[in-house]
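Not measured: the values here are computed from a predicted model. Atom set for the values below is all heavy atoms of this structure, side chains included, hydrogens, waters and symmetry mates excluded. In this chain, numbering begins with 1 at the start of the sequence shown.
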Amino acid sequence: MNIISSGAKTGFSGSAGGLDDAGTSKQKNVRETQGNKHAMTRDTPDTEGQPANRKVAKVTKQQAANVLLKTDDSFCAADSDISPKAFPVAPPDLTVEILNLVNQAQNYKIVKKGINEVIKALDRQNATLVILAANFKPIESLLHLPLKCEEMNVPYVYVEDKHSLGRSTGITRPVGACCIAITPTHTHLSPLTETIINKVEKLLI
C-alpha cells in the first residue's frame, strides 16, 4: 500500500520539477526587471529639482546686464556733454545760486518750465531771467531763445545739467529751459534775482 509506482514517481517528480522551473523562471524575470530598472536609473541623468530653463535664464540675465551697461555708458556720456554752442555757461558756484533761486521761485509758483512756456513769458514780457541747460539735446532747439532774450532785453544764462535744472523746478524730468517771472505781486525774490543777474552780465564781459 505504501508502494508508489514508478509512473507516479515520475509524474510527481515531473510536477515538482515543473514547479521548480516556474519558480526559477519567475525569480529570473524579477532579477532581470530589477537589473533593467537599475540600469535605466544609472544611465538616466538626474534632472529632478533642476529648472529646465536655467541656461536660458542665465543667458537672458547676461544679455540684460550688457544692455544695462551700454545704456548706462551712453547715458553718462550724454549727460557729461556740454555743447560748445552754449554761452554763457555759469561756473559751479554761480550755478548753485541760480538753482537755489529757481527752487525758491518754484515755491512762489513763478517759474515757467519748458521752451513753449518760456517763449510765452517772453512775449508777455513777464520773464525776468531765462535759464537754459547746456547739455540739452538737440541744443539747436534752444538756440533761438537767446536771440529772443536779446530782442526782449532779458538776461539769460546756461547751467551745465538739465537734470539738476529739472529738480530745481520741482519735477523729476530733465528741463531744457525755464524762466523766472517776477510780477509786482511777487517781489520777495527781487533782490536775490537782481544780484544773480548782475553776476550773469559779468560773464558776457
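Counting all heavy atoms, side chain and backbone alike, A90 lies closest to T95 at O-OG1, 3.2 Å. Minimum heavy-atom separation, I139 to A134: CD1-O, 4.1 Å.
The distance from atom CG of L129 to atom SG of C179, rounded to the nearest 0.5 Å, is 8.5 Å. Residue I82 holds its CD1 atom at 12.0 Å from OH of Y158, rounded to the nearest 0.5 Å. To the nearest 0.5 Å, atom CG of residue L101 and atom OG1 of residue T193 are 4.5 Å apart. Distance check: H163 NE2 to S168 OG gives 12.5 Å after rounding to the nearest 0.5 Å. The structure places CD1 of I180 at 11.0 Å from OG1 of T169, a figure rounded to the nearest 0.5 Å.
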Starting from the C-alpha separation in whole Å, work towards a yes-or-no answer on side-chain contact (heavy atoms from CB on, under 4.5 Å) for R167 and L99. CA-CA 9 Å; R167 287 193 295 269; L99 296 180; over 6 Å; no
Give the intermediate values and the outcome of side-chain contact (heavy atoms from CB on, under 4.5 Å) for residues I98 and V157. CA-CA 9 Å; I98 293 172; V157 65; 3.7 Å; yes
Run the side-chain contact (heavy atoms from CB on, under 4.5 Å) test on L189 and Y108 for me, step by step, so that the C-alpha distance in whole Å, both residues' side-chain angles and the decisive distance to 0.1 Å come before the verdict. CA-CA 9 Å; L189 298 177; Y108 290 107; 3.9 Å; yes
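The hydrophobic cluster containing L143 also contains M152, counting ILVMFWY residues as joined when their side-chain heavy atoms lie under 4.5 angstrom apart, directly or transitively. Cluster membership for L122 and V102, using ILVMFWY side-chain heavy atoms within less than 4.5 angstrom, is not shared. A single hydrophobic cluster is not seen to contain both L145 and I197; linkage of ILVMFWY side chains at heavy-atom distances under 4.5 Å, directly or through other members, places them apart. Cluster membership for Y156 and I119, using ILVMFWY side-chain heavy atoms within less than 4.5 angstrom, is shared. Linking ILVMFWY residues whenever their side-chain heavy atoms come closer than 4.5 Å, directly or via other members, leaves L142 and V175 in distinct clusters.
Other residues, nucleotides and ligands contribute at most 12 non-hydrogen atoms within 6.0 Å of the NZ atom of K199. Heavy-atom contacts from other residues, nucleotides or ligands closer than 6.0 Å to NZ of K113 number more than 12. For CD of E97, the number of neighbouring non-hydrogen atoms (other residues, nucleotides, ligands) closer than 6.0 Å is greater than 12. For D93, the CG atom sits in a packed shell: over 12 heavy atoms of surrounding residues, nucleotides or ligands are nearer than 6.0 Å.
Looking at Q104 and L192, their side chains come closer than 4.5 Å, going by heavy atoms from C-beta outward. The shortest distance between side-chain heavy atoms of P146 and F87 does not fall below 4.5 Å. Side-chain atoms of T128 and I110, non-hydrogen and from C-beta on, never get closer than 4.5 Å to each other. Put simply, the side chain of K148 does not reach to within 4.5 Å of the side chain of V118, judged on heavy atoms. For the pair N135 and P174, the minimum side-chain heavy-atom distance is 4.5 Å or more. In this structure the side chain of N126 never reaches within 4.5 angstrom of the side chain of K112, judged on heavy atoms. Side-chain contact between C178 and L165 is present, with heavy atoms from C-beta onward closer than 4.5 Å. Looking only at side-chain heavy atoms (C-beta outward), S164 and V159 stay at 4.5 Å or farther from each other.
A donor-acceptor contact shorter than 3.5 Å links the side chain of T195 to the backbone of P191.
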